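Position 1 is the first residue of the sequence; numbering continues from there. This one's a predicted model, so the numbers in the text were calculated from it and none came from an experiment.
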Amino acid sequence: MQKITFFIAIILSVLFTGCSKENADNEVLVITPEELTALAGKNWNTVAGRFKNKKDYLYSELNTPTTLAAISMPAVDKQAPALNYKLVFNLDKDNKISIVHLDCTDVLEVEKGNKLMLYYYNRVFSKLDDAYYKGASDGSAQPRIPVEALLIKLNNLNAQTASFDYSTTQLLASAIYFASNGSFAFDVRPF
């Protein structure tokens, strides 16, 4: 009787472990700004394993003159002021990630939108030491304003519109927030 009970316990353990792995593979992708930035220019075959089994993963062949495919899926950033996102990659004809695009799917009030912009500034833009171009806008001033001026508005949590545009020798990165519709987007592209 003990052997049968032990055997049943092993079978149940294997079944539950199998279910746990299946559920873990089908979870929503967890991201960080640093990971997204590092993906720009990578060969899709070397990183695809991290994404293919995630919830609502979608690979769409496009076969345009410059784009082989687009990949999309929901994502979460558990450390960010906003939690839910839609992540899109475009692959160029060499199967390399030619753009990483992230849209926040949460509707952001001004305070949370400003905090999210600061989060991306601190985690991505402030760390681009080799940036030869740094641009910022608060939506009210043309031409562009100094990054420091936008940071003051963001820290005061009163920027209705905010954007960063940075260029390095290896990539282009941008982020934008609009209070009018509560949207946030982040892009990074390799040169």
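- Here the shortest heavy-atom pairing between Leu150 and Ser163 reads CD2-O, 3.3 Å.
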Requested in this report: Check the pair Val76, Ile31 against side chain to side chain contact (heavy atoms under 4.5 Å, CB included), reporting the backbone distance first and the verdict last.
Outcome: CA-CA 6 Å; Val76 296; Ile31 56 165; over 6 Å; no
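- In summary, Glu148 and Lys134 do not engage in a salt bridge, as defined by a charged side-chain N under 4.0 Å from a carboxylate O.
- With rounding to the nearest 0.5 angstrom, the CG atom of Leu116 is 12.5 Å from the CD atom of Glu111.
- The side-chain hydrogen bond (donor to acceptor under 3.5 Å, both in side chains) pairs that include a residue from residues 73-87 are Asp77-Tyr119, Gln79-Arg123, Asn84-Asp106, where partners are two or more places apart or lie in different chains.
- For Gln170, the CD atom counts as loosely surrounded, since its 6.0 Å shell holds 12 or fewer non-hydrogen atoms of other residues, nucleotides or ligands.
- Leu172 belongs to a hydrophobic cluster whose other members, connected by ILVMFWY side-chain contacts under 4.5 Å either directly or through intermediates, are Tyr132, Tyr133, Phe191.
- For Tyr120, the ring-ring contact (aromatic ring centres under 6.0 Å, His included) test picks out Phe184, Phe186, with sequence neighbours left out.
- When all heavy atoms are compared, the tightest approach of Lys54 to Glu27 is CD-O, 3.2 Å.
- Taking CG from Asn43 and CG from Leu91, the interatomic distance works out to 9.0 Å, rounded to the nearest 0.5 Å.
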Requested in this report: Given side chain to side chain contact (heavy atoms under 4.5 Å, CB included), test Ile99 with Phe89 step by step and report yes or no.
Outcome: CA-CA 6 Å; Ile99 186 168; Phe89 301 117; over 6 Å; no
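- Asn181 pairs by the side chain to side chain donor-acceptor pair (under 3.5 Å) definition with Ser183, not counting sequence neighbours.
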Query raised in the report: Between Ile97 and Val47, does a side chain to side chain contact (heavy atoms under 4.5 Å, CB included) hold up when you go through it step by step?
Result: CA-CA 10 Å; Ile97 300 173; Val47 298; 4.0 Å; yes
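- Between the side chain of Thr168 and the backbone N or O of Asp130, no donor-acceptor pair lies under 3.5 Å.
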Going by atom type alone, with no hydrogens or angles, which donor-acceptor pairs under 3.5 Å involve a side-chain atom of residues 61-70 and a protein atom two or more places apart or on another chain?
unit_1: Thr64; atom_1: OG1; unit_2: Thr66; atom_2: N; d: 3.4
unit_1: Thr64; atom_1: OG1; unit_2: Thr67; atom_2: N; d: 2.9
unit_1: Thr64; atom_1: OG1; unit_2: Thr67; atom_2: O; d: 3.3

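- Between the side chain of Asp92 and the backbone N or O of Asp94, at least one donor-acceptor pair lies under 3.5 Å.
- For the ring-ring contact (aromatic ring centres under 6.0 Å, His included) test, no residue two or more places apart in sequence or in another chain qualifies with Tyr177.
- Scanning for salt bridge (charged side-chain N to carboxylate O under 4.0 Å, His left out) contacts around Glu109 gives an empty result, with sequence neighbours left out.
- Residues that satisfy the salt bridge (charged side-chain N to carboxylate O under 4.0 Å, His left out) test with Asp187, not counting sequence neighbours, are absent from this structure.
- Not counting sequence neighbours, Lys112 has no partner by the salt bridge (charged side-chain N to carboxylate O under 4.0 Å, His left out) test.
- Applying side chain to side chain donor-acceptor pair (under 3.5 Å) to Lys153 and the options Asp138, Thr161, Asn114, Asn158 leaves one that passes, Asp138.
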Report task. Go through the steps to decide whether Phe51 and Trp44 satisfy the test ring-ring contact (aromatic ring centres under 6.0 Å, His included), and finish with yes or no. Result -> CA-CA 10 Å; Phe51 304 98; Trp44 178 245; 5.6 Å; yes
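- Residue pairs satisfying the salt bridge (Lys or Arg N to Asp or Glu O under 4.0 Å) criterion with at least one member in residues 156-165, sequence neighbours excluded, are listed as follows: Arg144-Asp165.
- Note on ring orientation: taking the six-membered ring where Trp is involved, the planes of Phe164 and Tyr166 are perpendicular (angle over 60°, cut-offs 30° and 60°).
- Val110 approaches Ala179 most closely through the heavy-atom pair CG2-CB, 3.7 Å.
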Query raised in the report: Taking it one step at a time, do Leu118 and Leu151 satisfy side chain to side chain contact (heavy atoms under 4.5 Å, CB included)?
Result: CA-CA 8 Å; Leu118 287 168; Leu151 289 173; 3.9 Å; yes
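- Remark: Asn45 pairs with Asn95 by the side chain to side chain donor-acceptor pair (under 3.5 Å) rule, at least two apart or across chains.
- Taking the salt bridge (charged side-chain N to carboxylate O under 4.0 Å, His left out) definition, one finds that Arg189 meets it with nothing, sequence neighbours left out.
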